[in-house]
Amino acid sequence: MCGIIGAIAQRDVEPILIEGLRRLEYRGYDSAGLVVLNPDAGLQRERAVGKVEALAQRLAGDGLRGTLGIAHTRWATHGSPTEYNAHPHMSRDHIAVVHNGIIENYAEIRGELKAKGYTFTSDTDTEVIAHQIMDYCLQGLDLLESVQRAVTHFTGAYALGVIARDQPDRLIAVRQGSPLIIGVGIGEHFIASDIQAMLPVTQRFIYLENGDLAELRRDQVRLFNAELQPVERPLTESSLTAGAADRGRYRHFMLKEIHEQPRAVAETLEGRLSGDGVLEGILGPDSEALLKRVKSLQILACGTSYHAGMVAGYWIEGLLGLPCRVEVASEFRYRRHAVLPDCLLLTISQSGETADSLAALRQAREDDYLGALAICNVPESSLVRESDMVLMTHAGPEIGVASTKAFTTQLVALFLLVLALGRHHGLDAARIRHFVEQLRTLPAVMEKVLHLDAPIERLAMSLVEKQHALFLGRGCHYPIALEGALKLKEISYIHAEAYPAGELKHGPLALVDADMPVVVVAPNNALLEKLKSNLEEVRARGGHLLVFTDDVEALGHDGAIQSLAVPPVDDWLSPIIHTIPLQLLAYHTAVLKGTDVDQPRNLAKSVTVE
Ligand code: AGP
């Protein structure tokens with residue numbers, strides 16, 4: 001999704017902007033650009049389609065000189081990914097704007113501004129912002145006031161960075177819906193969509209709230225609400241360092257993040273378990289009383305986080321007998337729904353900035369839920385700030401677009417929630433103790449699974465030439481099949497679909513032939529015999545089976561099936577373990593195909609627009 005970085009300093013800002021853009025690359029984009037205000041030459045713009053490197057190369061040599069600038073990575077929404085659509089957008093060489101979000105009513109505003117004589121040079125919704133601000137400047141309003149008045153015209157979501165040719169000492173920012181953070185330095189200040197972009201220059205941040213405007217000068221940051229009344233927002237210090245987003249010895253961030261899972265899971269468990277149970281109050285000081293009252297749950301999320309929610313649905317109904325609905329946020333937000341009795345609302349998100357999840361949360365808050373709990377990986381995110389209770393995953397920054405460690409840590413956090421609820425909803429102490437013991441073994445078991453990297457790479461060789469793949473699972477392993485298929489399609493561009501294995505003969509079996517690899521998640525549990533019949537159905541049609549199991553013997557391996565054994569754990573927790581080989585399978589297939597693993601085409605890390 002689009003990324004913004006801006007700087008006002010006492011040194012040339014171009015290197016800060018380019019490094020910031022590189023650190024925003026993981027969000028996904030198709031073009032990049034920047035504007036620097038040069039005291040003699042005015043607003044100097046450079047833009048390029050493709051990677052930030054292409055932009056950096058254009059600037060090689062003298063570069064742009066100036067101590068105030070804004071920059072942007074664009075993920076096309078309105079208008080194709082071309083240089084003329086890339087940001088920053090300008091009005092009459094006087095105003096320059098970078099924008100993350102979507103102006104829904106831009107067509108109407110564009111018409112009005114054209115009638116006033118403004119010329120449009122792009123197909124974007126953003127260009128109306130530059131001209132609308134310019135229009136107020138021409139009416140004699142100050143730059144800050146012009147921005148404040150301009151945004152009253154817009155419906156939709158926006159985070160904006162704005163500079164003006166005649167204002168060398170001010171950088172204006174405003175946010176509504178899309179995230180924007182101020183980086184506080186000494187004699188220099190910054191704006192960005194994400195703290196990652198600013199970590200090389202500061203670790204002190206102010207998170208703007210919806211409707212906030214900011215005026216950055218070299219020696220001062222002033223914040224205002226939508227009515228231009230001064231407001232104060234807390235300054236937070238991040239413990240993250242610029243190096244936290246390095247690939248280290250790994251070829252890709254995704255591979256690094258897959259290998260970080262044992263540590264990430266250990267950190268998610270850290271401080272939450274007692275000797276034989278889950279500590280009280282892991283969701284916050286008053287949470288136990290609320291957990292007692294819960295009679296049902298509604299889970300909302302998108303993509304991989306939705307798959308984590310689906311697994312939790314099986315856990316909550318299967319272990320606690322509490323009704324649990326799980327729905328993708330983009331569907332939930334646009335339909336009338338009945339609230340279950342005494343229902344806890346649970347949102348799950350890695351970024352905490354996913355537009356659909358946030359909108360669903362905001363809409364659900366108008367209904368009669370007991371409270372809103374967020375499971376999230378970014379402490380300062382909008383989702384965390386807008387929820388009543390939080391259970392943080394401690395995965396650390398996830399840079400690869402394909403979510404890996406965020407997913408397994410979400411599952412661990414969700415299982416902690418199940419145990420915390422279980423205390424009040426019929427899970428006996430011995431069972432809780434057993435699960436706690438099992439949770440503690442997970443990091444070591446995950447390490448063992450990671451040692452299967454080489455055989456999984458060999459399995460990937462049989463996928464790489466294929467056009468399609470089917471993934472099968474049953475029970476709480478069905479969402480793991482969905483997640484495996486999502487990983488494969490995201491990064492290798494092989495079309496992959498997942499089905500509950502019992503559904504095979506109700507349609508997808510028609511697709512099975514020698515060219516259709518069928519990947520199966522097959523732990524040795526009560527459903528294994530049923531699953532074996534499904535495997536036979538595939539085998540009889542000449543389908544190529546790749547089976548991940550924790551018991552090769554029980555599977556009845558006879559050489560006709562390519563299988564790989566993962567270490568056994570309690571069946572309720574085995575979705576967490578069975579996820580890892582599917583991540584590695586997708587990773588190696590993508591590497592063999594030569595795709596862009598960390599930044600797959602058309603995708604964004606954090607989907608901050610609808
Ligand atoms: C995962 O591999 C995806 N890139 C994507 O489905 C992601 O999980 C989804 O966009 C939700 O993101 P969130 O967890 O940050 O809300």
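Note that the numbering runs from 1 along the sequence shown for the chain. In this text the structure is predicted, and so the values were computed from the model without any measurement. Every number for a ligand or one of its atoms is a count from 1 in the order of the listing.
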Check your understanding: For ligand 1, which atoms sit closer than 4.0 Å to a heavy atom of S305?
Key -> 8 (O), 13 (P), 14 (O)

Exercise for review: Compute the shortest N/O to N/O distance between S403 and ligand 1 and return yes if it is under 3.5 Å, no if not.
Suggested key: yes

Exercise for review: Indicate the atoms forming the closest heavy-atom contact of S357 with C302, along with that distance.
Suggested key: OG-SG, 3.4 Å

Review point. Where the side chain of T268 meets the backbone of H394, is there a donor-acceptor pair that is under 3.5 Å apart?
Key: yes

**Study point:** Option nearest atom 11 (C) of ligand 1 (shortest heavy-atom distance, choices G303, P600, C302, S381)
**Key:** C302

Practice item. Please state which part of E353 comes within less than 4.0 Å of ligand 1, counting heavy atoms only: side chain, backbone, both or neither. Key: neither

Review point. Does Y106 offer a backbone N or O that forms a donor-acceptor pair with the side chain of D125 under 3.5 Å?
Key: no

Review point. Of all the atoms in ligand 1, which lie at a distance below 4.0 Å from a heavy atom belonging to A402?
Key: 2 (O)

Check your understanding: Is I348 close to ligand 1, meaning an N/O of one under 3.5 Å from an N/O of the other?
Key -> no

Practice item. Consider only side-chain N and O atoms of T124 and N85, and report whether a donor and an acceptor are under 3.5 Å apart. Key: no

Check your understanding: Do H337 and Q298 have a side chain donor and acceptor closer than 3.5 Å?
Key -> no

Review point. Who's the nearest protein heavy-atom neighbour of atom 10 (O) of ligand 1, and how far?
Key: V607 CG2, 3.9 Å

Check your understanding: Are the aromatic ring centres of F471 and Y499 under 6.0 angstrom apart?
Key -> no

Check your understanding: Among protein heavy atoms, which lies nearest atom 16 (O) of ligand 1, and at what distance?
Key -> T354 OG1, 2.5 Å

Check your understanding: Between K605 and Q599, is any side-chain donor less than 3.5 angstrom from a side-chain acceptor?
Key -> no

Practice item. Tell me, please: is K487 in heavy-atom contact with ligand 1, that is, under 4.0 Å? Key: yes

Review point. Quick check: does S351 get an N/O under 3.5 Å from an N/O on ligand 1?
Key: yes

Study note, to complete from the structure: heavy-atom search around atom 8 (O) of ligand 1 in the protein gives T304 N, 3.1 Å

Practice item. Report yes or no: does K487 contribute a side-chain atom to a donor-acceptor pair with the main-chain N or O of S403 at less than 3.5 Å? Key: yes

Practice item. Just need the protein heavy atom nearest to atom 3 (C) of ligand 1, so name the residue and atom and give the distance. Key: E490 OE2, 3.1 Å

Check your understanding: Do the side-chain N and O atoms of Q410 and Q350 include a donor-acceptor pair separated by under 3.5 angstrom?
Key -> no

Review point. Mind checking whether S357 has an N or O less than 3.5 Å away from an N or O of ligand 1?
Key: no

